[in-house]
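Hydrogens, waters and symmetry mates play no part in the numbers below; they use all other heavy atoms, side chains included. Because the structure is a prediction, the values reported are computed rather than measured.
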Amino acid sequence: MKRRVRAFSMVWLAVFALTLLMPPFQALAQDDNDGYGIQVTAKADGDTIAVDAEVTGQEKKPVALNGDWSITLLGPEGNEVDSVTDQVTFDKGTVTFSHGFKGLKPGEYQVKAEFKGSVRAEGDVADSPKQKPYTLEVASDRITIEQPDVDDPEPTEPETIGIDVSVEAVKGKPTSILKAEASLKTDATEVEGDWNFTAIYQEDNTKPSDDVKVKGGNKASADLTVVSTGVYVVHVTFDGTADGKKVKGEGSYEVTLPKGGGGKDPVNYEMIASHGFLIQGYDDGGIEDIAASIKADLMAGEENVTPKAKGTWTFEVPELGLKKSGKESRAAFSILHEGLDPGHEYTVHIAFDGKVGKKKVKQETDYQLAIPGMKSGYDYNGGKNTVTAELTLAENAEGSWVTAVYDEDIELVDYKETTGVKGLKYSADFQDLEPGKYQAVTIFDGEIDGSELVVWKEVSFEVKKNGGAPLPGNEKPCVGDPKTGKKIVEDIKGGKMPKTAVDHPSWMLCGGVIATAGLLILGIVYRRKWLGLFGV
């Protein structure tokens, strides 16, 4: 008997345990539902509740439904917040329904799932008209939508703005004053905040007086009391707002309190230099040559103090072994006489040793002197003979370009001219050139970086039956007077070679002595026939 009681108890415990393990939202079989029910799962994710509902069976496995699904979302008070319906047929062959309720406010919710219709289970005849209608429903436990976590915003870092600081040192007895003025580097119109002025004595890195704190706008000033003469650094900070934005800034200024009477901070001098080009002409109307004129000035802030400077100026070009000293604040270097080459840049070391007023001054700088030049080339492409030229060591240019082509008899074959051109590069195309050797000269006549100049360069090439190729040459670019350039262009338009030979071979443009057998100045050459043509 005891064994029977024990066995009966164990069976009931197993049934009880099985009941606990069943899904939490399982609709239990009823007398009129033939063991069918709904299992529903509802999960919260952020502000969304995802619902999955499925028709299940205790004895038979459902495989298709024919009827209506309905899922209703109930709020904290049991009121209907939202709902969704769906109609299914046996043709769909599904027993599940899913939906997501989005954009929910924090709080507790409950899901109610309902199916009304017929259920087809495994083994049922597909077309049987005897499918029994059922009403199945289940409600979930409550689901909580949590209040979203709100991260504390990162504190906004204030924008950093520079500060301009100026200081005047006023000598007194027994104390002196460092009068400081500061302003923010900003275009803001509404500025307010806290300014702080600090004086630091450089000799021992101490603060001779308390900081001065000022409330103000875009500008502020303060007087700092000091005793010892010497060098001070006045440091200024600002912390506030500019047009509603948080800003901060800092700046410093070094000032010397002199030992003698009252005075201001020492003057800092700066040397600046510039260059231009001078034209050198000859009485007989021959070719002219240009010189580069370099001028240097001493500046004290925005003031040019060169007229007050008395001393020795030195200009040196180490590359050329050239050095000139004198009392004048300029030096001129001729392209011809001093050996400067077009298309080359030279470093000019400039120094001054003397006085400005009663103050001794030594100042020096290196200045880059760029002599404009030109490079040219030839290319054959599809029956076109293209001559391309480009100005070198130049940033801006505007003027006229002319490219002329000469044959071996120094006869003008063709030329191209374009005026009012902005830029450093120019190309000209020549067609229908007979096979043979040619010389092309390209001339630029106009303004280069503010100077009126003419620059030219030649290139040799050979045209063959089915192509063309450049010929080797060592011609250098040339720079000259614009009047000479205009005369050359006029000669080209007249169909003749320009007369460029002179009675001063050592003074010919671009280069000292030009080989008598070999160079036509301005880039229009031709070898042995040059001297015979002009009777030189």
Test side chain to side chain contact (heavy atoms under 4.5 Å, CB included), reference V236, set V165, D164, V167, output is V165
Flag, side chain of E417 to backbone of V402, donor-acceptor distance under 3.5 Å: no
- Could you walk me through whether I177 and T225 pass side-chain contact (heavy atoms from CB on, under 4.5 Å), step by step? CA-CA 5 Å; I177 299 295; T225 302; 3.7 Å; yes
In terms of heavy-atom contacts, D223 and V212 come closest through O-CG2, 3.9 Å
Rounded to the nearest 0.5 angstrom, the OG1-OH distance for T386 and Y380 is 10.5 Å
To the nearest 0.5 Å, atom CD1 of I143 lies from atom CD1 of I49 at 5.0 Å
_Any heavy-atom pair between the side chains of P342 and V455 that's under 4.5 Å?_
no
For K185 and I161 the tightest heavy-atom approach is O-CG2, 3.3 Å
Test side-chain contact (heavy atoms from CB on, under 4.5 Å) on T347 and Q368 and set out the steps.
CA-CA 5 Å; T347 298; Q368 299 303 120; 3.0 Å; yes
Q.
Quick one, V454 and W456 - any side-chain contact, counting heavy atoms below 4.5 Å?
A. yes
Side-chain (Y201) to main-chain (T229) donor-acceptor, under 3.5 angstrom: yes
### Query
Within a strict 4.5 Å, meaning less than it, do heavy atoms of the Y406 and E458 side chains meet?
no
Worksheet item: Does any donor atom in the side chain of S400 or T419 lie under 3.5 Å from an acceptor atom in the other side chain?
Response: no
Query raised in the report: Is a side-chain donor or acceptor of N396 paired with a backbone partner of D449 at a separation under 3.5 angstrom?
Result: no
Discussion item. Could you check whether Q110 and S140, counting side-chain N and O atoms only, form a donor-acceptor pair closer than 3.5 Å?
Written reply: no
Are the side chain of D243 and the backbone N or O of T189 linked by a donor-acceptor pair below 3.5 Å? yes
Note: F101 and D82 closest approach over all heavy atoms is CD2-OD2, 3.6 Å
Q. Is the closest side-chain heavy-atom distance between F461 and V405 below 4.5 Å?
A. yes
Short question: side chain of T306, backbone of L298 - any donor-acceptor pair under 3.5 Å? yes
Can you tell whether the side chains of K295 and D297 come within less than 4.0 Å, N to carboxylate O? yes
Worksheet item: Just wondering, more than 12 heavy atoms not from N381 lying within 6.0 Å of its CG?
Response: no
Kindly determine whether W401 and K416 satisfy side-chain contact (heavy atoms from CB on, under 4.5 Å), including the steps that lead there.
CA-CA 8 Å; W401 292 83; K416 307 289 184 183; over 6 Å; no
Short side-chain to backbone donor-acceptor contact, T186 and A188, under 3.5 Å:
yes
Smallest heavy-atom separation, I145 atom then G46 atom, equals CG2-O, 3.5 Å
NZ of K213 to CG of D194, rounded to nearest 0.5 Å, is 8.0 Å
Between A394 and L424, the two heavy atoms sitting closest are O-CD1, 3.4 Å
message = Quick check against the 3.5 Å criterion: does Y346 have a side-chain atom that pairs as donor or acceptor with the backbone of D341?
response = yes
Give the C-alpha distance, both sets of side-chain angles, the deciding distance and a yes or no for side chain to side chain donor-acceptor pair (under 3.5 Å) between S460 and Q439.
CA-CA 5 Å; S460 300; Q439 194 91 0; 2.6 Å; yes
The reported gap from NZ in K179 to CG in L224 (rounded to nearest 0.5 angstrom) is 10.0 Å
* V191 vs F238 side-chain heavy atoms within contact, under 4.5 Å -> yes
- Would a 4.5 Å heavy-atom cut-off, applied to side chains only, mark E364 and H349 as touching? yes
### Query
With a 4.5 Å limit on heavy-atom distance, are the side chains of P208 and Y232 in contact?
yes
More than 12 non-hydrogen atoms from neighbouring residues, nucleotides or ligands closer than 6.0 Å to CG on D45, yes or no?
no
Return the orientation label for the F315 and W313 ring planes: parallel under 30°, perpendicular over 60°, tilted otherwise.
parallel
For M271 and T365, the nearest pair of non-hydrogen atoms, with its separation, is SD-CG2, 3.5 Å
Sequence neighbours excluded, the answer for ring pair (Phe, Tyr, Trp, His ring centres under 6.0 Å) partners of H235 is none
Interatomic distance, CG@D429 vs CG@N385, rounded to 0.5 Å, equals 8.5 Å
For a quick check under 3.5 Å, do S183 and N218 share a side-chain donor-acceptor pair by atom type? no
In this structure, OH of Y438 is separated from CG of L471 (nearest 0.5 Å) by 12.0 Å
Where the side chain of N196 meets the backbone of T237, is there a donor-acceptor pair that is under 3.5 Å apart? no
Would you check if I200 and T206 make a side-chain contact, meaning some heavy-atom pair closer than 4.5 Å?
no
Intermediate values then yes/no, side-chain contact (heavy atoms from CB on, under 4.5 Å), K457 and T442: CA-CA 6 Å; K457 179 76 165 59; T442 299; 5.8 Å; no
The side chain to side chain contact (heavy atoms under 4.5 Å, CB included) partner of V111 among D141, L73, L74 is L73
- Message: Could you check whether D211 and T198, counting side-chain N and O atoms only, form a donor-acceptor pair closer than 3.5 Å?
- Response: yes
